[in-house]
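Everything below concerns the one structure shown next.
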Protein chains: 2
Amino acid sequence: MGITKTQIFDQRQNELAQLFKILGHPARIAILQYISKQNACICNDLVEEIGLAQATISQHLKELKSIGLLKGEIEGKSMCYCIDIDRWNTLQKNLNSFFNTTKMNCC
Amino acid sequence: MGITKTQIFDQRQNELAQLFKILGHPARIAILQYISKQNACICNDLVEEIGLAQATISQHLKELKSIGLLKGEIEGKSMCYCIDIDRWNTLQKNLNSFFNTTKMNCC
DNA sequence: CTTTATTATCGTAATATTGCGATATAATAA
DNA sequence: TTATTATATCGCAATATTACGATAATAAAG
């Protein structure tokens, strides 16, 4: 017990849930907001800005990368993490599609 | 360690993350989709439809209620859980507002 | 009142997530 | 080469989530 039974749900349900799940942490929300404000970003800024340890920030960045929301480029000896706007717009469409189709026909 | 440091984030970040988090489970996505299809719903249907134990479904319903997405009315000896459309629309607006403001000014 | 049906809650085991120190890796600087 | 700086990964401890059986609570039916 304890493991999520992904096999009893369809792919769309699992993918949608995974997206929501990754967005479901305040640090990751804050990271996205901060990167957006900066127009560019290096991870080290985030450590000071957010107030979590460097290892923890790095882990959150990895999760945001896992759903394609962030892309990172090496820039000298630091990383430039940016929001992938195409992916961002696609995600927004997916979520809206879920919201719009699900509210239909409800009592 | 292990506990999310909600105190270092602001209220909006925590609330937004909480919404995403609750939506971040395939069973809860499936529950919302099923209720939407039915126009009404009793929990017992969900147990057969989703394929999780009754106790588990009940727990997921409770979480969806906790963010106001579902409202439940007693109907005879069973419950009628419905999507709260007003709340649903508000949530959708909140998420879109996050998506729209965050993608601005990004590199 | 007793039975039956439906949902909620409790307790618990299994697994996942969060956070961080320590360390590895990689690139530039001296 | 040897520092220095920035980021990633490993390993672990603390906490949270998921799932379910057992049981409680509630309401209708007999």
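By convention in this document, chain letters (A, B, ...) are assigned in the order of the sequence lines, proteins followed by strands, and residues within each chain are numbered from 1. Only a predicted model underlies this, so the values are computations on that prediction, with no experimental measurement involved.
Distances shown here put every side-chain N or O of A:S78 at or beyond 4.0 Å from the OP1 or OP2 atom of D:dA6. Side-chain nitrogen and oxygen atoms of A:K62 include none within less than 4.0 Å of the OP1 or OP2 phosphate oxygen of D:dT7. Under 4.0 angstrom from either OP1 or OP2 of D:dA19 there lies at least one side-chain N or O belonging to B:H60. Contact between the side-chain N/O atoms of A:T56 and the OP1/OP2 oxygens of C:dC20 is found at a separation under 4.0 Å. OP1 and OP2 of C:dT6 both lie 4.0 Å or more from every side-chain N or O belonging to B:Y81. Dashed line: the shortest gap from a side-chain N or O of B:N44 to OP1 or OP2 of C:dA5 is not under 4.0 Å.
Heavy atoms of B:E63 sit under 4.0 angstrom from primed sugar atoms or phosphate atoms, though from no base atom.
For A:Q54 against D:dA8, a side-chain-to-base donor-acceptor contact under 3.5 Å is present.
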Can you check side-chain contact (heavy atoms from CB on, under 4.5 Å) on B:V47 and B:T56, steps first, answer last?
-> CA-CA 9 Å; B:V47 175; B:T56 308; over 6 Å; no
Begin from the C-alpha positions of A:E49 and A:C41 and carry the test side-chain contact (heavy atoms from CB on, under 4.5 Å) through to its verdict.
-> CA-CA 11 Å; A:E49 176 71 16; A:C41 143; over 6 Å; no
A:L70 vs A:L32, side-chain contact (heavy atoms from CB on, under 4.5 Å): CA-CA, chis, key distance, verdict = CA-CA 9 Å; A:L70 290 186; A:L32 291 170; 4.0 Å; yes
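Across the protein-nucleic acid pair, A:I57 atom CD1 and D:dA6 atom P stand 15 Å apart, rounded to whole Å. If you measure from atom CD of A:Q7 to atom P of D:dA19, you get 9 Å, rounded to the nearest angstrom. The interatomic distance linking B:E48 (CD) with C:dA5 (C1') rounds to 13 Å, in whole Å. Regarding A:L46, its CG atom lies at a distance of 19 Å from the P atom of D:dT5, rounded to whole Å. Distance CD1 (B:I8) to P (C:dT18): 13 Å, rounded to an integer number of Å. Taking atom CG on A:L23 and atom P on C:dT17, their separation rounds to 15 Å, with Å as the unit. Atom-to-atom, CD of B:E73 to P of C:dT6 comes out at 19 Å; the value is rounded to the nearest Å. Going from atom CD1 of A:I50 over to atom C1' of C:dC20 covers 16 Å, rounded to whole Å.
Cluster annotation: B:I42 and B:I57 are assigned to distinct hydrophobic clusters (Ile/Leu/Val/Met/Phe/Trp/Tyr, side-chain heavy-atom contacts under 4.5 Å, transitive).
Nearest-nucleotide positions on DNA chain C for A:K21 and A:A55 put A:K21 closer to the 5' end. When each of B:D45 and B:Q59 is assigned the nucleotide of DNA chain C bearing its nearest heavy atom, the one mapping closer to the 5' terminus is B:D45. Projected onto DNA chain D by closest heavy-atom contact, A:T6 and A:S58 fall at different nucleotides, the more 5' of which corresponds to A:S58.
With respect to A:Y81, the side chain to side chain contact (heavy atoms under 4.5 Å, CB included) criterion is satisfied by exactly one of A:E75, A:E73, A:K65: A:K65. A:L69 pairs with exactly one of A:L23, A:D84, A:I35 by the side chain to side chain contact (heavy atoms under 4.5 Å, CB included) rule, that one being A:L23.
Taken from OG in A:S58 to CG in A:L46, the straight-line distance is 10.5 Å, to the nearest 0.5 Å. Separation of atoms CD (B:Q33) and CG (A:D10) is listed at 7.0 Å; rounding is to 0.5 Å.
Contacts between residues 11-18 of chain A and DNA chain D, defined by a heavy-atom separation below 4.0 Å, involve no residue at all.
The pairing partner recorded for C:dT18 is D:dA13, the criterion being a Watson-Crick or G-U wobble arrangement whose two distances lie under 3.5 angstrom.
Note: A:F99 and B:W88 have tilted aromatic rings, judged against thresholds of 30 and 60 degrees for the angle between ring planes.
Within 6.0 Å of CD1 in B:I74 there are 12 or fewer heavy atoms belonging to other residues, nucleotides or ligands.
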Anything under 3.5 Å between a protein N or O and an N or O of nucleotides 27-30 of chain C, put it in a table, one pair a line.
none

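Shown here for B:A27 and B:L52, the closest heavy-atom pair between the two residues is CB-CD1, 3.8 Å.
For B:I3, counting side-chain heavy atoms from C-beta on, the closest listed nucleotide (D:dT15, D:dA19, C:dT18) is D:dT15.
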